[in-house]
Amino acid sequence: MKNHNCKECLIKSAAAKNLNNEEFEILESNSVQVSFKKGEVIFKQDALSLNVAYLKTGLVKVHMRGPVREKILRVVRAPTYLGIPTTFGDKINQFSATALEDTSVCFIDTNGKFAYEIIVELCKNELFDYQKYVSMSQKQIPGMVAETLLCMSDRIFENSRFNFPLTRGEVGDLIGTSRESVSRVLTDLSNEKIIEMNGSEISILNKELLIQISEKG
DNA sequence: GCATTAACCACAG
DNA sequence: CTGTGGTTAATGC
């Protein structure tokens, strides 16, 4: 935790861009910035709410405990809000967030000025999740893995080569399959020279084919 | 039936 | 944690 200056923040949220000086003072006195190391829990399911978390830098997985195992709901890159972890009315988190990289987060005591931005964020998430669940229910595993790789490459890292932030097991939790299946698909893709793996580093060699696989399912 | 897909188990590195 | 092989269950042709 450290002192911070929301007005001078270079990674201001869209909501914060509309605030006046007085409102910035309110924001600063009602928020706190915290750093997290890779693997640290930012907020935890079943714990009391820490209000809204704004992911300033880093990469985070948002996940929920399922009847059998943990399910990764999404993987998000800064800057973004981490959603509203509680239901209205209670203050118990319904899901968790864990840092996949070193990360800094601002916890904000919610006030009216942020409501609009938060709603926009929630709508985007809802749409994104609907699309994801449609995909998941209709595609086979290679399609889902391909889609995940493309998503990482295009949306998270914006690079065809990147350091894969998830373990095989976590990819399984994300797309709803077993770690073994993820393993096998990845080695298949590697054997077919569609991707290249070096430890945790992954390069996409044949993006067109990968897109085909992700679309065909 | 036979083939395919994928989950579960187990063991090795 | 990861990779692999054997086994099993469900599904499709």
Side-chain angles (χ1 to χ4, degrees), chain A residues 35-47 55 57-78 82 93-105 128-217:
Chain A
S35 295
F36 293 90
K37 292 258 179 259
K38 175 179 174 163
E40 284 188 319
V41 175
I42 295 166
F43 56 79
K44 191 170 166 52
Q45 186 172 348
D46 297 336
L55 177 59
T57 62
L59 194 68
V60 166
K61 67 171 176 179
V62 174
H63 50 110
M64 188 182 251
R65 201 174 37 255
V68 185
R69 69 177 72 80
E70 202 73 6
K71 164 76 184 171
I72 296 180
L73 302 169
R74 53 201 199 108
V75 175
V76 290
R77 183 202 61 193
L82 293 178
N93 291 332
Q94 302 293 305
F95 53 83
S96 307
T98 303
L100 293 171
E101 294 174 351
D102 291 356
T103 285
S104 62
V105 175
F128 184 78
D129 288 341
Y130 284 169
Q131 287 164 358
K132 196 170 69 186
Y133 292 131
V134 169
S135 282
M136 266 196 3
S137 60
Q138 296 182 3
K139 283 184 185 176
Q140 297 189 317
I141 290 169
M144 290 307 305
V145 173
E147 192 170 298
T148 304
L149 289 172
L150 289 167
C151 175
M152 289 289 169
S153 167
D154 292 341
R155 300 168 44 99
I156 310 271
F157 294 103
E158 293 168 355
N159 196 322
S160 66
R161 186 169 73 229
F162 50 90
N163 228 16
F164 203 73
L166 302 174
T167 67
R168 307 298 140 106
E170 283 175 322
V171 177
D173 290 342
L174 177 64
I175 66 182
T177 187
S178 64
R179 64 177 186 82
E180 292 98 321
S181 297
V182 175
S183 245
R184 280 186 247 263
V185 170
L186 247 27
T187 51
D188 286 352
L189 289 174
S190 181
N191 288 336
E192 291 159 32
K193 302 280 180 256
I194 297 171
I195 63 170
E196 190 173 75
M197 292 189 287
N198 269 315
S200 62
E201 189 179 85
I202 290 190
S203 310
I204 295 179
L205 301 178
N206 191 337
K207 186 168 178 179
E208 287 68 34
L209 238 177
L210 200 57
I211 291 172
Q212 274 187 34
I213 294 171
S214 83
E215 284 171 353
K216 260 192 332 192

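Note on naming: letters A, B, ... go to the chains in the order of the sequence lines (proteins, then strands), and numbering restarts at 1 for each one.
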- Task: Using whole Å, report how far CZ of R179(A) lies from C1' of dC11(B).
- Result: 11 Å
- Task: Side-chain contact test, heavy atoms from C-beta onward, threshold under 4.5 Å: evaluate it for T148(A) versus V75(A) and give yes or no.
- Result: no
- Those residues that, when tested against T57(A), pass side-chain contact (heavy atoms from CB on, under 4.5 Å) (two or more places apart): I11(A), S104(A)
- Residues pairing under ring-ring contact (aromatic ring centres under 6.0 Å, His included) where one sits in residues 159-213 of chain A, two or more places apart or in two chains, turn out to be F157(A)-F162(A)
- Query: Which residue pairs satisfy the side chain to side chain donor-acceptor pair (under 3.5 Å) criterion with at least one member in residues 202-215 of chain A, sequence neighbours excluded?
  - Reply: D154(A)-K207(A)
- Atom pair distance, as rounded to whole Å: CD in Q138(A) and P in dT5(B): 18 Å
- Message: Tell me which pairs pass side chain to side chain donor-acceptor pair (under 3.5 Å) where either residue lies in residues 94-103 of chain A, with sequence neighbours left out.
- Response: H63(A)-T98(A)
- Apply side-chain contact (heavy atoms from CB on, under 4.5 Å) to N198(A) and list each qualifying residue two or more places apart in sequence or on a separate chain. E196(A), E201(A)
Identify the pairs formed between an N or O of the protein and an N or O of nucleotides 7-13 of chain C at a distance under 3.5 Å, and give each distance.
none

- For dC8(B), take OP1 and OP2 only and decide whether either is under 4.0 Å from a side-chain N or O of R69(A). yes
- Take the protein atom CD1 of I213(A) and the nucleotide atom P of dT5(B), then report the distance between them rounded to whole Å. 13 Å
- Task: Grab the CD1-P distance between I141(A) and dT5(B) for me, whole Å please.
- Result: 11 Å
- Which residues in residues 181-202 of chain A have at least one heavy atom lying under 4.0 Å from any atom of DNA chain C? S183(A), R184(A), T187(A)
- Task: Using the ring-ring contact (aromatic ring centres under 6.0 Å, His included) rule, collect all pairs that involve residues 165-213 of chain A, keeping only residues at least two apart or in two chains.
- Result: none
- Which residue pairs pass the side chain to side chain donor-acceptor pair (under 3.5 Å) test when at least one of the two sits in residues 164-183 of chain A, sequence neighbours left out? K61(A)-E170(A), S178(A)-S181(A)
- Query: What is the distance from CD1 of I175(A) to C1' of dA6(B), rounded to the nearest Å?
  - Reply: 12 Å
- Task: Check every strand shown and say whether E180(A) touches a base, only sugar-phosphate, or nothing at a heavy-atom separation below 4.0 Å.
- Result: base
